[in-house]
Protein chains: 2
Amino acid sequence: MEQLFQYFKKFNPLSKDAENAIAEISTMVSIKKNKDLQPIGHACKTIYFINKGVARIYYFKDGIDITEGFFFENSIIARVESLFTGKPSRKAIQVLEDAEIVAIDANALFKLYNSFPEIERLFRKIFEAAYVDTVNRIEGIQFHTAEERYKALLNEAPNVLQRVPLKYVASYLGITQVSLSRIRAHH
Amino acid sequence: MEQLFQYFKKFNPLSKDAENAIAEISTMVSIKKNKDLQPIGHACKTIYFINKGVARIYYFKDGIDITEGFFFENSIIARVESLFTGKPSRKAIQVLEDAEIVAIDANALFKLYNSFPEIERLFRKIFEAAYVDTVNRIEGIQFHTAEERYKALLNEAPNVLQRVPLKYVASYLGITQVSLSRIRAHH
DNA sequence: CTAATCCTTTAACATAAGATAAATAATCAG
DNA sequence: CTGATTATTTATCTTATGTTAAAGGATTAG
């Protein structure tokens, strides 16, 4: 849990009481490469934090596996379109390397918001930052060729290309595996 | 202000005290068609609510005007990538019809979070909902042809096509004006 | 009301990316 | 270690979208 509390400090440092309250509603999960942490079709009731490993959020569109995003050590994963609406998620979370993950019970967390305003503030800030990332990502998608998007990824997150199968990277970039391969060949 | 408070009720009803506190840090703005409400290059210190009119957020990429989003009556506009980071925004807000807008001083609002947890909660929920919209929008962009995106817009937000010049719609859809025209001709 | 400007469409051509298929290369299970 | 599966690359062809240019419509300023 210590790693998670360190992460929290960057957003909103918590009192010991608040940390303990979060520890009580959290569990450690060890999960093997390629396994789904959460399957498609259930309401998202958990917020995850990656201590070790890589994960992706994915879904199927017309039978095709599409990666929405990649997540590395020291980051939060949640399928917010379900978490914040209560609707079942059409998305799954899959681990791409053997991983150590903290699972936080979201309903219990939302209850803690009432007794610990500092926790509500913490998660407000965490999700505000995630929101900003998402807005910036749209800007990266609009009006860029596939090659530009690939180069941007290579530049901003080279670890993605080192640790993640290219077929997942392709759909993340919004192109086919074949196109990605062609772009990489063109150097 | 009444229209804004009605909007708030959908997220988190406020006490009279809280409403008054927000009223005190807000001003009404009347602005003419095609005028910029906020120019490019300043840190975003204001959250807007549209009582009447249409607006868009836009920016320039390689000299080309790109629309990030459209906003209609009864919605909040903010350039969150600046609001939540404090960095200057490379984006501007332009009004596309004569508009009536409530401008909320963001720094003053953030201070109110300390005295009114209900206000912090309200805006947490507002931006969580906006975050969900943005995540869903990425899904709409990835792996859809321009024609599919156009039809989706026609279906989900026909008012955009009725009230907004097509040249702005084109960049919003991530295509050129010429392509959009061709797609519309194919019907 | 008219001229000037701006918006939208149409046309012709160029190019990036999709689809399909097949050949390598890498990984995994037994 | 070996065969089987899975991932990646390469090739060929097709198609959607970009680019540029020009024409027609619509809107606006004076």
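Within every chain, numbering begins at 1; the chains are lettered A, B, ... in the order of the sequence lines, protein sequences first and strands thereafter.
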With heavy atoms under 4.0 Å as the rule, sort B:Ser181 into base, sugar-phosphate or nothing. base

Please collect all ring pair (Phe, Tyr, Trp, His ring centres under 6.0 Å) contacts where either partner lies in residues 13-55 of chain A, sequence neighbours excluded, each pair once. A:Tyr7-A:Phe49

Of the nucleotides [options], which has the atom closest to the [X] side chain?
X: A:Ala185; options: D:dT8, C:dT9, D:dT10; answer: D:dT10
X: A:Ser179; options: D:dT17, D:dT8, C:dA17; answer: C:dA17
X: A:Val178; options: C:dT20, D:dT17, D:dA7; answer: C:dT20
X: A:Pro165; options: C:dT8, D:dG18, D:dA7; answer: D:dA7
X: A:Arg182; options: D:dT17, C:dA17, D:dT8; answer: C:dA17

Between [N] ([atom2]) and [X] ([atom1]): distance, integer Å:
X: A:Gln142; N: D:dT17; atom1: CD; atom2: P; answer: 15 Å
X: A:Ile183; N: D:dT10; atom1: CD1; atom2: C1'; answer: 15 Å
X: A:Glu147; N: C:dT15; atom1: CD; atom2: P; answer: 14 Å
X: B:Asp98; N: D:dT28; atom1: CG; atom2: P; answer: 11 Å
X: A:Ile175; N: C:dA17; atom1: CD1; atom2: P; answer: 7 Å
X: B:Gln177; N: D:dG25; atom1: CD; atom2: C1'; answer: 13 Å
X: A:Arg184; N: D:dT10; atom1: CZ; atom2: C1'; answer: 14 Å
X: A:Leu166; N: D:dT10; atom1: CG; atom2: P; answer: 12 Å

Do the charged groups of B:Glu128 and B:Arg124 touch, with an N to O distance under 4.0 Å?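 A salt bridge is present here (some side-chain N lies under 4.0 Å from a carboxylate O).
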
Is the shortest side-chain N to carboxylate O distance from B:Glu19 to B:Lys16 below 4.0 Å?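 A salt bridge is present here (some side-chain N lies under 4.0 Å from a carboxylate O).
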
Counting primed atoms plus P, OP1 and OP2 as sugar-phosphate and everything else as base, spell out the protein contacts along nucleotides 22-30 of chain C at 4.0 Å heavy-atom distance: B, S or - for each nucleotide, 5' to 3'. ------S--

Can you see if the side chain of A:Thr145 gets near the phosphate of C:dA16 - specifically, an N or O under 4.0 Å from OP1 or OP2?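 No, outside the criterion.
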
Just by modelled atom types, is the A:Lys91 backbone N or O under 3.5 Å from a matching donor or acceptor in the A:Arg79 side chain?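 Between the backbone of A:Lys91 and the side chain of A:Arg79 there is a qualifying donor-acceptor contact (under 3.5 Å).
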
Keeping the roles fixed (side chain from A:Gln142, backbone from B:Ser171), state whether a donor-acceptor pair exists under 3.5 Å.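 At least one qualifying donor-acceptor pair exists.
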
What do the steps show when you test B:Lys32 against B:Asp98 for salt bridge (charged side-chain N to carboxylate O under 4.0 Å, His left out), and what is the final call? CA-CA 4 Å; B:Lys32 286 285 178 191; B:Asp98 293 357; 3.5 Å; yes

Testing the basics here: between B:Lys125 and B:Phe11, what is the closest heavy-atom pair and its distance to 0.1 Å?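 Of all heavy-atom pairs spanning B:Lys125 and B:Phe11, the closest is CD-O, 3.4 Å.
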
